[in-house]
Novice: 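One structure, pasted below without further comment.
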Amino acid sequence: MKKRTLLISKYVLVFCAAFAISFQIKAADKAPVLRNGNYKFTIHRADGKGIVFNSLIKDSSGKQIMYIINGSERLLVDSIIKKNDSVFIELPFFESGFEARINANGNLIGEWVKKYGSRIQTMPFTATFNETKRFPAIHSPLFNISGRWAVHFVNHNNKVSKSVGEFNQKGNHFTGTFLNPSGDYRFLEGVVSGDSLYLSGFDGAHAMLFTAKIDNTNKISGGSLYSGKQEHETWTAEKDSKAALPDASSETHVKPAAGKLDFTFPDLNGNPISINDKQFKNKVVVIQILGSWCPNCMDETKFISDNYQFYHDKGVEFLGLAYERNTDFNASVKALQPFKKRFDIKYPILITGVAVSDTLLTKKTLPQIDKIKAFPTTLFIDKKGNISKIHSGFDGPATGAHYTIFKKDFNDIVTRLLNEQ
């Protein structure tokens, strides 16, 4: 009897061990996974205002990728690292990313981490799986506000800045952007519900939420712009088909008797390149002033790279001058490499070694002009080496007709300079 009891006990222990192993395997099988499908991201501010955007996660070439969705834009994110119940989503630009835990429902809970040079900012976020609505559209719209608008923003210091709004409304669905002298707010998307509008955008550098009351088809009041961690501005708008900003070529000027440009900076490999090098002699040269932290610079870089071969075959040379958040060369290279890779940049990007926050950056690098007032800024150099035209800012593809005008102006300027003797 004793032997039988011991034998039964042995079998019970074996069974319990097997059950425990089986339970662990099943538990592992049920460990949270990053699911393919639609997610609604909400970046949570301390004031309770949530900045939202949509995304899509899918398989591609044996790995998961994500698209950030704002209006018609699909911004590819191809660096997603998973470890147990955690996921790390590294955005392609702006030293920005999401660190999160995956819960049992497939939702994400974590932080948006954004670097500003040596400073790191974090904001809590959640992402809800299988959610496609950006904002609820509870009511039918009372007004259609498609068209061009004269906009006035007022910051916390009561400083007023003028902008141009370009809106497109189809039923409740609402897209558009705001143009400023330095560029535009890129692709924004939202809804009109009753007499209220909600509009948001996220690109890795900027997170923005716009709200307002629509008084009628010609007036918007009580607007708020919530951006980043705590920034807040108010805004109003009046419909105006002729609303415009100052001429982009009037913002930055060549100093009298300034002479020709004369600079030498290292490229991303550390090789010095000078505007006086042989390859630029007797050539039309387009100089792009940029920074890896600048969303409008991303859009201009894509435009130039897409058209590089066409213009280069006609004898045009291109240079990029980068002003980063700090003066560290290696850190600047690391920040700029994603630009070079993503847009297959074939022209040299030079690192000025001067921080964008330096109030003397123009004097230290391009003393022939009065002041760099916007990023990006584009310098057009004629065959004699003189600055022929300066264009501040960039009206990107989200601006519709403004982008079409920019492309035509760009082509007209370069063609004129090529035809000069």
Side-chain angles (χ1 to χ4, degrees), residues 75 77 79 90-97 112-122 180 182-183 186 203-207 227-229 231 251-252 261-275 285-305 318-369 371-379 390-394 396:
L75 181 61
V77 179
S79 178
E90 183 179 356
L91 303 182
F93 313 115
F94 316 126
E95 296 185 288
S96 173
W112 172 37
V113 182
K114 175 76 176 71
K115 288 186 67 177
Y116 296 86
S118 59
R119 181 170 65 92
I120 297 177
Q121 176 181 284
T122 62
N180 302 305
S182 60
R186 308 192 70 255
D203 56 25
H206 297 140
S227 60
K229 197 162 191 174
E231 289 80 5
E251 294 293 297
T252 301
L261 292 176
D262 182 15
F263 61 76
T264 302
F265 301 115
D267 64 13
L268 301 189
N269 296 316
N271 302 315
I273 293 181
S274 171
I275 187 63
V285 183
V286 177
I287 298 177
Q288 177 195 17
I289 295 173
L290 75 151
S292 66
W293 45 269
C294 162
N296 290 136
C297 298
M298 173 181 69
D299 290 334
E300 188 189 45
T301 300
K302 184 179 188 309
F303 166 77
I304 291 177
S305 291
F318 291 84
L319 273 175
L321 299 185
Y323 298 79
E324 294 302 297
R325 292 198 182 275
N326 58 53
T327 59
D328 183 86
F329 178 81
N330 292 328
S332 297
V333 170
K334 183 179 179 181
L336 287 161
Q337 283 290 3
F339 264 63
K340 180 177 176 61
K341 179 181 178 182
R342 175 61 62 90
F343 300 120
D344 191 25
I345 300 174
K346 291 184 170 61
Y347 55 93
I349 299 293
L350 311 185
I351 297 175
T352 63
V354 178
V356 65
S357 59
D358 192 330
T359 58
L360 299 177
L361 68 88
T362 309
K363 183 178 180 180
K364 290 179 178 180
T365 57
L366 299 171
Q368 293 81 10
I369 63 179
K371 188 175 182 180
I372 299 170
K373 296 182 179 179
F375 282 82
T377 288
T378 310
L379 309 182
I390 303 175
H391 187 283
S392 296
F394 180 75

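Remember, predicted model here, so these are calculated numbers, not experimental data. We use all heavy atoms of the structure for the numbers below, so side chains are in, but hydrogens, waters and symmetry mates are not.
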Novice: To the nearest 0.5 Å, how far apart are CG in Asp358 and NZ in Lys363?
Specialist: 11.0 Å

Novice: Should Ile351 and Leu336 count as side-chain neighbours, where that means a heavy-atom distance under 4.5 Å?
Specialist: yes

Novice: Of the options Ile372, Thr252, Thr378, which is the one that meets Ser392 in a side-chain contact (heavy atoms from CB on, under 4.5 Å)?
Specialist: Thr252

Novice: Using every non-hydrogen atom in the two residues, find where Cys297 and Gln288 come nearest and quote the distance to one decimal.
Specialist: O-NE2, 3.8 Å

Novice: Whether the side chain of Ser305 engages the backbone of Lys302 through a donor-acceptor N/O pair (distance < 3.5 Å, no angle test) should be reported.
Specialist: no

Novice: Can you classify the ring geometry of Tyr323 versus Phe375 as parallel (below 30°), tilted (30 to 60°) or perpendicular (above 60°)?
Specialist: perpendicular

Novice: What's the spacing between Leu91 CG and Trp112 CH2 if we round to 0.5 Å?
Specialist: 8.5 Å

Novice: Looking at Ile349 and Ala322, what are the two nearest heavy atoms and their distance?
Specialist: CG2-CB, 4.2 Å

Novice: Flag the pair Pro338 / Ser292 as yes when at least one side-chain heavy-atom distance between them is below 4.5 Å, and no otherwise.
Specialist: no

Novice: Specify whether Phe343 and Phe339 have parallel, tilted or perpendicular ring planes, treating 30° as the upper limit for parallel and 60° as the lower limit for perpendicular.
Specialist: perpendicular

Novice: Using a 3.5 Å distance criterion without hydrogens, assess whether the side chain of Lys229 forms a donor-acceptor pair with backbone atoms of Thr122.
Specialist: yes

Novice: Could you tell me which non-hydrogen atom of Leu268 sits nearest to which non-hydrogen atom of Val333, and how far apart they are?
Specialist: O-CG2, 3.7 Å

Novice: Counting only heavy atoms not in Glu90, do more than 12 sit closer than 6.0 Å to its CD atom?
Specialist: no

Novice: For Phe263, which of Thr352, Ile273, Leu366 qualifies under side-chain contact (heavy atoms from CB on, under 4.5 Å)?
Specialist: Leu366

Novice: Judged by atom type as modelled, is there a donor-acceptor pair below 3.5 Å linking the side chain of Asn326 to the main-chain atoms of Asp328?
Specialist: yes

Novice: Between Ala374 and Gly393, which heavy-atom pair has the shortest distance, and what is it?
Specialist: CB-N, 3.7 Å

Novice: Restricting to non-hydrogen atoms, name the atom on Tyr347 and the atom on Ile304 that form the minimum distance, rounded to 0.1 Å.
Specialist: CE2-CG2, 3.5 Å

Novice: For a quick test of reading the model, state the closest non-hydrogen atom pair linking Glu324 to Ala335 and the distance between them.
Specialist: OE1-CB, 3.7 Å

Novice: Under 4.5 Å between any side-chain heavy atoms of Leu321 and Leu379, yes or no?
Specialist: no

Novice: Under the 3.5 angstrom rule, does the side chain of Asp203 hit a backbone N or O of Ala205 as a donor-acceptor pair?
Specialist: yes

Novice: Out of curiosity, Arg186 CZ to Met298 CE, how far, rounded to the nearest 0.5 Å?
Specialist: 3.5 Å

Novice: Would you say Lys373's side chain and Glu251's backbone share a donor-acceptor pair under 3.5 angstrom?
Specialist: yes

Novice: What distance do Lys340 atom NZ and Thr301 atom OG1 have between them, rounded to the nearest 0.5 Å?
Specialist: 12.0 Å

Novice: Determine yes or no for a side-chain-to-main-chain donor-acceptor pair under 3.5 angstrom, with Lys114 supplying the side chain and Phe94 the backbone.
Specialist: yes

Novice: Atom NZ of Lys371 and atom OG1 of Thr362: how far apart are they, to the nearest 0.5 Å?
Specialist: 7.5 Å

Novice: I'd like to check Ile369 versus Thr377 (side-chain heavy atoms, cut-off strictly below 4.5 Å). Are they in contact?
Specialist: no

Novice: To the closest 0.5 Å, what do you measure between OG (Ser332) and CZ (Arg325)?
Specialist: 11.5 Å

